[in-house]
Amino acid sequence: MGILSWIIMGLIVGIIVKVIMPGTGPGGIITTILLGIVGAFIGGLLGTYLGLGSITGFDIHSFGLAIVGALIVLLVYRFIRK
């Protein structure tokens, strides 16, 4: 995936995660994109480590891994912030 694909996927994943876990999380479009990109990276690492696959493009499996990773990142952010 190219950098533009990561940004677009990050935006979509970030928005989905903000809908799933609304609240006092980080705000703004740039933060949302970064949350999605970092989440995709974490989800890809976890998926590869656990044998669930990796993030390879715009498919449902990649989005699922990215969303799980972004949820983990948001939970860790909220835990550290408290």
Euclidean distance, Ile16 CD1 relative to Phe63 CZ, rounded to 0.5 Å: 6.5 Å
Distance (rounded to the nearest 0.5 Å) between Ile37 CD1 and Leu11 CG: 9.0 Å
Leu74 reachable from Ile80 in the ILVMFWY side-chain graph, under 4.5 Å edges: yes
Val17 vs Val73 side-chain heavy atoms within contact, under 4.5 Å: no
Leu50 atom CG, over 12 foreign heavy atoms within 6.0 Å: yes
Worked check of side chain to side chain contact (heavy atoms under 4.5 Å, CB included) between Ile72 and Leu46: CA-CA 11 Å; Ile72 291 169; Leu46 287 174; 3.5 Å; yes
Where Val13 and Ala70 come nearest, the two heavy atoms and their spacing: CG1-CB, 3.8 Å
